[in-house]
Colleague: 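There's a structure below that I have some questions on.
Computed from a predicted model, the values in this text were never measured in an experiment. Both backbone and side-chain heavy atoms feed into the values below; hydrogens, waters and symmetry mates do not. Residue numbers start at 1 and run along the sequence shown.
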Amino acid sequence: MDIILIIKMIIIGLVQGFTEPIPVSSSGHVVIASEILGLGEQGFTFAILTNTASLCAILYIYRKDISRLAVNSFNYLKTKNIRFKSDFYFVLFIIIGSIPAGFFGFLLKDYIAESVSMTTIAVLLFVTGAGLWLIRNFKGNKNESDITIKDAFIVGLGQAVALTPGISRSGATIISAIAVGMKQDTALRFSFMLYIPVSLGGVILGFSDFLNEPNKTDLAIPYLAAFIATLVMTYFATKWFMGIMKKGKLVYFSYYCFILGVILLIFF
């Protein structure tokens, strides 16, 4: 058993888990960490594995919201009671917002799986940082009940853009949501709810690749270690990020993206 490999995989899992929910590009950070640790490209199978771990953590955190939305949406379809209408439409907008990423994800599956250079990651970090900087003073007033089809589709387009390796998914969706006038807590919740179907879609699309992975038996223990590390870290990072959003300190991540982008251009 290669203990060093297991430790490195745990580190990669921690990096993935910490950066998945925050607007700094988890895929970019995994590439950076892999390069520093000398692991090279992790591949699509590893991405699917750690993405599934992050998905499990998000599902657990939002389990009560998911349960409420599912039950109330069913009740609205059954009774047409206005009390359930807001939750039904919120689910509908999540579906609408998932369409762009689902369409382009299926269309560009092979491209999404490709690795990116450090220079590309640096440039895309600048893009994310610029977006976070531009919306730093936006004070939206839209709650869940105020979201429109147009809003949902625009945020969905933001998520589709984030399929580009190196672009932050949470960053793109939160920036888009705040830009169309959502309150920060609404933007955060809508962003993470959008993550669930697109992540499930990614798992389904990549399942055959995972089954055909030639080294999955040899890498079973390192992969399991990375999965657990990602799962645990995603949970705590998401909770931490929720606190940051409540304090209105999203702009801090803009500074981080700019600084890391400069470091990558200079040293890599």
Colleague: Please identify each residue that fulfils ring-ring contact (aromatic ring centres under 6.0 Å, His included) with Phe88, with sequence neighbours left out.
Modeller: Tyr76
Colleague: Is the count of non-hydrogen atoms from other residues, nucleotides or ligands lying under 6.0 Å from Phe236 atom CZ greater than 12?
Modeller: no
Colleague: So which heavy atom on Thr128 is nearest to which on Ile175, and how close?
Modeller: O-CD1, 3.9 Å
Colleague: Thr52 side chain to Ile48 main-chain N or O, any donor-acceptor pair under 3.5 Å?
Modeller: yes
Colleague: Looking only at heavy atoms, what is the nearest atom pair of Ala179 and Ile135, with distance?
Modeller: CB-CG2, 4.4 Å
Colleague: Any chance CG of Leu77 has more than 12 other-residue heavy atoms, nucleotides or ligands included, within less than 6.0 Å?
Modeller: yes
Colleague: Under the side-chain contact (heavy atoms from CB on, under 4.5 Å) rule, what do Leu250 and Arg136 come out as? Steps first, then yes or no, please.
Modeller: CA-CA 7 Å; Leu250 193 59; Arg136 68 192 185 282; over 6 Å; no
Colleague: Counting the benzene-type ring for Trp, do Phe90 and Phe190 have ring centres under 6.0 Å apart?
Modeller: yes
Colleague: Taking all non-hydrogen atoms of both residues, which atom of Leu49 and which atom of Tyr223 are closest, and how far apart?
Modeller: CD2-O, 3.3 Å
Colleague: If the plane angle is over 60° it's perpendicular, under 30° parallel, otherwise tilted; pick one for Tyr60 and Tyr235.
Modeller: tilted
Colleague: What is the minimum heavy-atom distance between Thr186 and Glu144, and which atoms define it?
Modeller: CG2-N, 3.8 Å
Colleague: Determine whether a donor-acceptor pair (N or O, by modelled atom type, separation under 3.5 Å) exists between the side chain of Ser26 and the backbone of Thr19.
Modeller: no
Colleague: Which pair of heavy atoms, one from Ser176 and one from Gly158, lies closest together, and at what distance?
Modeller: OG-CA, 3.7 Å
Colleague: Looking only at side chains, do Ser145 and Ser86 share a donor and an acceptor under 3.5 Å apart?
Modeller: no
Colleague: So does Lys142 pair up with Asp151, basic N to acidic O under 4.0 Å?
Modeller: yes
Colleague: More than 12 foreign heavy atoms under 6.0 Å from CD1 of Ile149: is that the case here?
Modeller: no
Colleague: Taking all non-hydrogen atoms of both residues into account, name the closest pair between Gly97 and Leu194 and its distance.
Modeller: C-CD2, 3.6 Å
Colleague: Does any N or O in the side chain of Arg169 come within less than 3.5 Å of the main-chain N or O of Glu20, such that one atom is a donor and the other an acceptor?
Modeller: no
Colleague: Go through the steps to decide whether Thr230 and Leu14 satisfy the test side-chain contact (heavy atoms from CB on, under 4.5 Å), and finish with yes or no.
Modeller: CA-CA 5 Å; Thr230 303; Leu14 292 173; over 6 Å; no
Colleague: Which distance, rounded to the nearest 0.5 Å, do you find between the OH of Tyr89 and the CD1 of Ile94?
Modeller: 15.0 Å
Colleague: Here's a test for you: under side chain to side chain contact (heavy atoms under 4.5 Å, CB included), which of Val30, Leu37, Val31, Ile32 qualifies with Ser34?
Modeller: Val30
Colleague: Would the number of heavy atoms belonging to other residues, nucleotides or ligands and lying under 6.0 Å from NZ of Lys78 be above 12?
Modeller: no
Colleague: Should the ring pair Phe241 and Phe253 be called parallel, tilted or perpendicular, given that the plane angle runs from 0 to 90° and is split at 30 and 60?
Modeller: perpendicular
Colleague: Spell out, as yes or no, whether a donor-acceptor pair under 3.5 Å connects the side chain of Thr50 to the backbone of Ala47.
Modeller: yes
